[in-house]
Structures are given as C-alpha cells and as structure tokens.
Amino acid sequence: MNILIILVPCSLCLGLGALAAFVWTLRHDQYDDPTGDAERILLEDRPPRS
C-alpha cells in the first residue's frame, strides 16, 4: 500500500501534463482544418515538370 503514495501523485502529474498539452494544441489551432487534411491525402500530387 505504500507504493500508492508514489503512484497516485505520478499518475496525477502525467494526467495533468497530458491535459495541458491538449489545451495547448487547442489554443494554437492545431485542429483547425481536419476536413481539409483528410481530403488532401486523397488528392494526387502534380506530376513533376520535365
């Protein structure tokens, strides 16, 4: 049971770190155009000029 004294704060820190990273990505517009990104995969690139 003594290991819980270490594991609970570690898991809380990791969870808060993940939440902070997610909030940071939201504030910096990382999820701005998910539809365009999905469609861009399907489009073919222009052929190289020779």
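One is the number of the first residue; the rest follow in order along the sequence.
Counting only residues at least two apart or on different chains, the side chain to side chain donor-acceptor pair (under 3.5 Å) pairs with a member in residues 13-26 are W24-H28, T25-Y31.
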Name the atoms and distances for all side-chain donor-acceptor pairs under 3.5 Å in residues 1-8, with sequence neighbours left out.
none

Would you give me the side-chain donor-acceptor pairs under 3.5 Å for residues 15-22, sequence neighbours excluded?
none

